[in-house]
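Indexing begins at 1, ligand by ligand and atom by atom, following the structure's order.
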Amino acid sequence: MPRKNVTEQLSAKDEGLARAAEILADGGLVAVPTETVYGLAARADSAEAVARIYDAKGRPSFNPLIVHVKSIEQAEALAYFDESARGLAARYWPGPLTLVLPMRERAGLAAAVSAGLPTIALRHPGHPVMSALLDRLDFPLAAPSANRSEGVSPTKPEHVMASLGVSCPAVILGGPTQAGLESTIVALRKEGEWSLLRPGPITKETLEQTLGPESPKSAVKIEAPGQLARHYSPGKPVRLEATEVAPDEFWIGFGPLDGDCNLSESGDLNLAAAQLYESLHRAAASSKPRIAVAPIPESGVGRAINDRLRRAATQ
Ligand code: TXA
Ligand code: MG
């Protein structure tokens with residue numbers, strides 16, 4: 001497919017979605033809005049299409065992708081669901097929850113999607129534009145966050161274009177995302193064992209209400225490739241737990257600690273999650289050579305915020 005020198009900007013209405021569906025059916029890439037972050041989507045059943053994702057992001061091939069489905073039925077054709085998996089899907093799908101499950105032998109997905117693992121990560125997203133797009137397709141979509149590998153995830157189409165440029169041939173203009181942090185990833189094992197592979201908008205406390213306590217780490221062999229220590233990097237040094245600011249720092253505030261921007265003046269963690277990446281993008285674009293971030297409580301979605309901040313701070 002010849003590469004154009006501009007990113008096609010598609011409306012989130014019928015006409016734009018029809019064009020997006022056409023590009024995807026042909027094996028091309030489209031950046032799509034979800035309720036968490038923008039994803040860089042390709043048809044998950046085509047090796048060529050999936051290879052384009054890794055290429056555009058500069059993503060290492062050992063880092064598997066999440067497959068986005070339009071229904072539980074489509075998901076069940078790809079992976080084995082036990083009772084816990086069905087319970088989670090019934091309760092949280094469509095929504096910001098990814099399930100890592102044993103993959104079916106005849107799933108028909110490109111091998112690169114799962115990076116050679118016997119498991120597959122599945123998510124039924126709830127964003128109305130993404131749902132409308134998936135409904136037009138007869139194949140599932142592999143989609144990582146639509147940014148260069150290791151960079152800050154995009155919560156707006158502008159972030160996608162700034163990070164990927166023409167490596168992203170088309171983007172759907174779906175406005176800012178709501179949750180602002182990538183989906184929670186849960187791996188389900190036999191006999192009710194489970195582990196949280198990535199904290200996210202659906203908190204561990206909430207999951208424990210459905211699944212009981214998380215299995216001890218030692219009891220479960222966790223394969224979470226791609227959970228790289230260095231990730232979400234704004235390209236500048238990041239100092240955490242900052243209760244004051246130096247003159248050369250862009251200060252991301254929280255609650256009463258009001259900086260150059262504030263994740264949430266009222267100390268609302270959900271709002272802070274929604275603002276986090278936008279604030280990191282602003283800090284990256286500012287003239288200040290360093291970034292400082294006010295302390296964020298380690299509870300509820302605060303855990304997911306701190307997980308991303310610790311990775312952003314890893315040089
Ligand atoms: O909210 C989200 O999940 C967004 C939107 C676009 O859906 N997607 C996203 O994808 O965050 P990505 O590629 O940035 O992160 C996917 C992570 C990988 O880093 C990997 O750790 C994990 O999912 N993953 C995928 N398949 C896996 C598997 N079979 N076993 C364990 N972890 C897996
Ligand atoms: Mg990512």
* Identity of the nearest option to atom 18 (C) of ligand 1, non-hydrogen atoms only, from Leu40, Val32, Asn63, Thr98 ->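 The nearest heavy atom belongs to Asn63.
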* Return the number of protein N, O or S atoms with a distance to the Mg ion (ligand 2) smaller than 2.8 Å. => 1
* Asked: Relative to the heavy atoms of Leu197, which atoms of ligand 1 are at a distance of less than 4.0 Å?
  -> 31 (C), 32 (N)
* Asked: Is the closest heavy atom of Ala143 to ligand 1 under 4.0 Å?
  ->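 Flag set, Ala143 near ligand 1.
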* Asked: Under 4.5 Å between any side-chain heavy atoms of Leu141 and Leu133, yes or no?
  -> yes
* Heavy-atom side-chain proximity of Pro125 to Glu35 below 4.5 angstrom ->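 Yes, at least one pair of side-chain atoms sits under 4.5 Å.
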Ligand 1 N/O within reach of [X] N/O, cut-off under 3.5 Å:
X      : result
Thr34  : no
Arg59  : yes
Arg198 : yes
Ser183 : yes
Lys57  : no

* Taking ring pair (Phe, Tyr, Trp, His ring centres under 6.0 Å) as the test, write out the residues that go with His159, two or more places apart. =>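 Result, ring pair (Phe, Tyr, Trp, His ring centres under 6.0 Å) vs His159: His281.
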